[in-house]
2 protein chains.
Amino acid sequence: MSLPHAILTALLEKPSSGLELTRRFDRSIGYFWSATHQQIYRELGKLEADGLIRALPSEQPARGQKKSYEVLHAGRAELARWTAASQDPKPHRDTLLLRLRAAAVVGTAGLEADLRRHLQLHERQLAEYQEIEQRDFPPGRDGTEDRLRHLVLRAGIDLETFWTQWLSRALTEFDGLPDGEPTRPA
Amino acid sequence: MSLPHAILTALLEKPSSGLELTRRFDRSIGYFWSATHQQIYRELGKLEADGLIRALPSEQPARGQKKSYEVLHAGRAELARWTAASQDPKPHRDTLLLRLRAAAVVGTAGLEADLRRHLQLHERQLAEYQEIEQRDFPPGRDGTEDRLRHLVLRAGIDLETFWTQWLSRALTEFDGLPDGEPTRPA
DNA sequence: TTTTCCATGTAAGTCGTTACATGATTGC
DNA sequence: GCAATCATGTAACGACTTACATGGAAAA
């Protein structure tokens with residue numbers, strides 16, 4: 001139940017149309033809350049029906065026509081309520097760790113190449129975050145909003161740093177391992 | 001599409017009944033792939049129908065009776081195939097980071113308490129992982145299987161370490177912040 | 001004018017969550 | 001016997017994914 005609040009946040013930062021939101025969910029907010037355009041359009045409909053947002057009156061709502069939304073007072077209140085509410089952390093789900101555990105039973109054949117690929121992807125993401133940091137958060141002048149957003153970006157940077165380090169370590173471990181099944185060969 | 005493979009891995013490590021699997025998904029494998037008993041029973045049914053696992057013939061399959069499963073040859077093959085297949089990393093979803101970004105717009109009131117609570121939870125999880133490491137992976141004698149499983153545990157430890165550090169940092173930042181809305185007061 | 005892209009949607013199916021149901025076993 | 005607990009399920013719903021559909025604008 002976080003997608004509507006992600007959208008409210010994005011719309012408060014800047015009123016947008018569905019497609020503009022979709023683009024921003026490919027970067028920025030999408031770095032820690034992804035969504036497809038189908039999800040976004042459906043949720044925009046619900047939020048409008050619930051009176052939390054409204055279409056900007058300047059544009060006519062025809063199919064194929066741009067339609068921009070802004071957050072209403074009730075929407076801002078709901079976002080503030082949700083932000084302050086206590087929430088339990090969701091349990092992790094990580095396919096790569098699962099595959100490593102499976103490899104301990106059925107063998108590591110074929111896994112190393114994908115680990116290398118993931119390492120590259122994480123290195124690329126890390127570089128992207130670091131560019132954003134240099135561009136948007138130069139040292140010295142941080143306002144209140146900036147300090148919070150910088151904190152979020154730091155989480156992204158530190159997470160990608162963790163993954164690159166962990167994957168590098170995993171790959172060096174792999175160099176000393178046999179490829180096949182470690183136990184009970186079929 | 002990872003739950004069946006998580007179950008196959010667990011069953012290869014040790015043939016089990018539905019409830020035993022459920023217990024193990026509360027620890028161990030569940031640390032990076034959670035699942036409820038409903039999911040597990042449904043998936044066991046599918047896996048059996050697909051011929052990847054079978055109920056141990058020693059036990060009679062009555063409702064309310066224990067029923068243990070073991071992995072068949074086809075199941076092991078499918079798990080090996082899946083483990084070696086190239087897979088793209090899933091996009092992140094993190095509610096806490098989203099809430100921080102929302103707080104940059106609607107204010108940080110009420111958030112700090114929950115950050116403290118999350119910090120405690122992550123500290124507790126970290127301590128649990130470190131106990132497991134000391135108990136199951138004493139320095140020196142690592143086999144091939146152990147090296148892989150240790151690697152997975154290290155990922156858990158490093159991730160929890162990251163979260164505790166990041167949350168601590170976030171809380172010190174909060175000390176210097178006003179509680180209300182940073183911009184556009186309602 | 002046909003194609004391509006932009007922009008907004010619909011529909012179907014899978015996965016996960018929450019709530020409930022049922023039979024067997026054990027302790028009182 | 002009765003209640004509590006163990007063990008295995010069913011049902012309904014919501015969230016997310018994948019594939020497809022529609023209309024308008026711009027370009028070839």
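In what follows, chains are A, B, ... by sequence order, proteins preceding strands, each numbered from 1. From a predicted model like this one, the values you see are computed outputs, not experimental measurements.
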Interatomic distance where [atom1] belongs to [X] and [atom2] belongs to [N] [whole Å]:
X	N	atom1	atom2	answer
Arg93(B)	dG16(C)	CZ	P	13 Å
Leu47(B)	dC15(C)	CG	C1'	14 Å
Met1(A)	dC16(D)	CE	C1'	14 Å
Leu21(B)	dT8(D)	CG	C1'	13 Å

Contacts of [X] that satisfy side chain to side chain donor-acceptor pair (under 3.5 Å) - sequence neighbours left out:
X	value
Thr172(A)	none
Thr161(B)	none
Ser28(B)	Arg101(A)
Gln38(B)	Thr36(B)

Under 4.0 Å from any atom of DNA chain D, heavy atoms only: list the residues of residues 22-44 of chain A that qualify, in numerical order.
Gln38(A), Gln39(A), Arg42(A)
Phosphate oxygens OP1/OP2 of dA15(D): is one of them under 4.0 Å from a side-chain N or O of Lys46(A)?
yes
Tell me what Lys90(B) touches on the nucleic acid: a base, only sugar-phosphate, or nothing, going by heavy atoms under 4.0 Å.
nothing
Please list, chain by chain and in numerical order, all residues satisfying ring pair (Phe, Tyr, Trp, His ring centres under 6.0 Å) with Trp82(A), sequence neighbours excluded.
His5(A)
By ring pair (Phe, Tyr, Trp, His ring centres under 6.0 Å), which residues pair with His118(B), not counting sequence neighbours?
none
Kindly state which residues belonging to residues 2-10 of chain A come within less than 4.0 angstrom of DNA chain C, counting heavy atoms of the residue only, listed by number.
none
Not counting sequence neighbours, list each pair that qualifies as a ring-ring contact (aromatic ring centres under 6.0 Å, His included) and has a residue in residues 13-34 of chain B.
Tyr31(B)-Tyr129(B)
Could you check Pro91(B) against Gly18(B) and say which one's nearest nucleotide on DNA chain D is further toward the 5' end?
Gly18(B)
Does the side chain of Glu133(B) come under 3.5 Å of the side chain of His150(B) through a donor N or O and an acceptor N or O?
yes
